[in-house]
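Sequential numbering from 1 along the given sequence is applied to the chain's residues. Worth knowing before you read on, the calculation uses all heavy atoms, side chains too, and leaves out hydrogens, waters and symmetry mates.
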Amino acid sequence: SSEELKKRVLVLQSIPLRGDDDRTLYTSRNYFINNDYGTLEIFTAEKNHVNWTKKTLTAKDLGLGSIDPNAMFILLDSTNSLLILNQGNIYLYSFEKKLNTLLASCGENFVYGLKLIENKAYSCGYEKGMGNMLYEFDLSSKTLKKYHPENNARLLVPMLKDHTGVLWIRTDAVGVCLLNRKLQAF
């Protein structure tokens with residue numbers, strides 16, 4: 001239930017959690033999002049992390065035709081907005097303006113593993129004709145870059161960027177792939 005969800009232990013990063021009924025939850029230290037079959041419940045923690053505020057939004061509220069059960073979300077506190085990866089498209093919803101903007105389209109590709117690292121949203125996926133891909137969306141410049149691993153490893157989740165600027169990405173079979181963004185190569 002929603003009351004049980006509010007009592008979850010706070011974590012440091014946004015991670016997807018699967019519920020028993022196949023709903024997806026996104027949580028972090030200051031929020032969690034429950035994608036309940038097209039209705040989004042966003043719980044944000046107040047400064048004391050004891051009280052929570054709940055917003056309920058439908059696809060129509062967000063300016064979307066529908067919300068896919070596999071849609072992914074990141075709440076951007078600094079801009080009072082919600083980054084949405086839904087049906088191969090990246091959107092930015094402004095709570096203040098109640099406006100949804102299409103930022104980029106990955107087409108009809110299968111996309112998963114959304115993570116925000118240093119003002120860039122990273123997502124892994126599969127693109128017809130290209131194979132496995134890493135998508136990098138720069139929130140400042142609103143540009144989308146695509147990277148293809150040489151070994152066509154199935155990229156699952158961007159994990160972190162180390163002190164040298166190398167991005168570490170978890171895979172399903174080869175362990176970790178490293179992306180050197182300066183060389184634009186894995």
Side-chain angles (χ1 to χ4, degrees), residues 2 5-6 8 10-19 22-49 51-128 133-147 157-158 161 167 181:
S2 295
L5 293 174
K6 285 192 273 187
R8 287 193 183 272
L10 300 175
V11 294
L12 297 177
Q13 61 180 342
S14 177
I15 56 171
L17 303 169
R18 284 280 178 197
D22 210 31
R23 292 180 297 170
T24 303
L25 308 173
Y26 285 86
T27 184
S28 85
R29 182 179 171 159
N30 297 314
Y31 71 92
F32 66 90
I33 299 172
N34 179 21
N35 182 2
D36 190 9
Y37 304 104
T39 300
L40 216 57
E41 295 175 320
I42 303 172
F43 295 87
T44 52
E46 294 178 8
K47 290 181 183 180
N48 61 12
H49 288 282
N51 299 319
W52 293 77
T53 303
K54 176 183 172 184
K55 289 181 188 178
T56 302
L57 300 166
T58 65
K60 185 178 178 183
D61 296 332
L62 294 170
L64 300 171
S66 64
I67 300 173
D68 188 288
N70 297 313
M72 291 174 252
F73 311 90
I74 295 177
L75 189 63
L76 305 172
D77 290 331
S78 61
T79 59
N80 194 24
S81 57
L82 182 67
L83 188 66
I84 305 167
L85 179 59
N86 187 47
Q87 300 171 347
N89 298 310
I90 302 172
Y91 301 93
L92 187 65
Y93 177 78
S94 167
F95 289 107
E96 187 177 303
K97 297 177 184 176
K98 296 186 178 180
L99 178 68
N100 195 13
T101 305
L102 175 65
L103 300 176
S105 179
C106 301
E108 295 181 22
N109 310 313
F110 184 69
V111 182
Y112 45 88
L114 185 65
K115 176 95 179 218
L116 187 66
I117 302 173
E118 294 181 359
N119 211 36
K120 291 179 175 40
Y122 291 94
S123 183
C124 301
Y126 182 83
E127 192 168 310
K128 291 179 184 175
M133 302 291 289
L134 173 72
Y135 301 95
E136 175 189 79
F137 184 76
D138 187 311
L139 292 170
S140 299
S141 65
K142 299 196 176 18
T143 56
L144 179 69
K145 289 184 183 177
K146 299 178 183 181
Y147 300 96
V157 179
K161 186 181 199 182
L167 187 67
R181 291 185 51 248

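- No donor-acceptor contact under 3.5 angstrom links the side chains of Thr143 and Glu136, judged on distance only.
- Here the closest heavy-atom approach between residue Ser66 and residue Ala59 is recorded as CA-CB, 3.6 Å.
- Here the straight-line distance linking atom OG of Ser123 with atom CE of Met133 works out to 11.0 Å at 0.5 Å rounding.
- Residues Leu40 and Thr58 fail the side-chain proximity criterion, which asks for heavy atoms closer than 4.5 Å.
- Note that CG of Leu75 and OG of Ser81 are 7.5 Å apart. Values are rounded to the nearest 0.5 Å.
- A side-chain contact (heavy atoms from CB on, under 4.5 Å) with Tyr93 holds for exactly one of Leu76, Thr101, Leu62, Leu64; it is Leu62.
- Nearest heavy-atom pair, Asp68 versus Gln87, reported as atom, atom and distance to 0.1 Å: CB-CG, 3.9 Å.
- The OH atom of Tyr91 lies 6.0 Å from the CG atom of Asn86; values are rounded to the nearest 0.5 Å.
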task = Evaluate the criterion side chain to side chain contact (heavy atoms under 4.5 Å, CB included) for residue pair Phe43 and Thr53; output intermediate values, then yes/no.
result = CA-CA 5 Å; Phe43 295 87; Thr53 303; over 6 Å; no

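- Taking the ring centroids of Phe137 and Tyr135, they lie at or beyond the 6.0 Å cut-off.
- For the atom pair CG of Leu167 and OH of Tyr147, the computed distance is 9.0 Å after rounding to the nearest 0.5 Å.
- Between Leu57 and Ile42 the shortest side-chain heavy-atom distance falls below 4.5 Å.
- Atom CG of Leu83 is separated from atom CG of Leu139 by 6.0 Å, given to the nearest 0.5 angstrom.
- A salt bridge between Glu41 and Lys55 is absent, with no side-chain N of the basic residue lying under 4.0 Å from a carboxylate O of the acidic one.
- To the nearest 0.5 Å, atoms CG (Leu144) and NZ (Lys120) are separated by 12.0 Å.
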